[in-house]
Novice: 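Let me begin by handing over the structure; questions about it come next.
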Amino acid sequence: MPVTEREYTPESEPTGATCRWCHGTGAVQNTYAYVPGVNPFGNDAQTVARMGACKHCRGTGTYHSALDPTLENWRRDAS
């Protein structure tokens, strides 16, 4: 059965500026690699991908530069 406009209810959009790193979803993919042994280049790496909260918007989907932990706020506060 096809979906008509009356049956479709879109999810709420985040208010404010949409985060450009997660595109408003609040989640990003993180990829981790593990190499057994002491030499990280000696063996093949085992990788795994996990979803996690976006570090720029803190998982809200709305970007505010004052809340971005990746920015160096001490430079702005010092001046």
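As the structure is a computational prediction, the values presented were derived from the model and not from experiment.
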Novice: Looking only at non-hydrogen atoms, find the nearest pair between V28 and C22 and report the distance.
Specialist: CG1-CB, 3.8 Å
Novice: Quick check: are there more than 12 heavy atoms from other residues, nucleotides or ligands sitting under 6.0 Å from CG of D44?
Specialist: no
Novice: Flag the pair R20 / Y63 as yes when at least one side-chain heavy-atom distance between them is below 4.5 Å, and no otherwise.
Specialist: no
Novice: If every non-hydrogen atom of P36 is compared with every non-hydrogen atom of N43, which pair is closest and at what distance?
Specialist: O-ND2, 3.0 Å
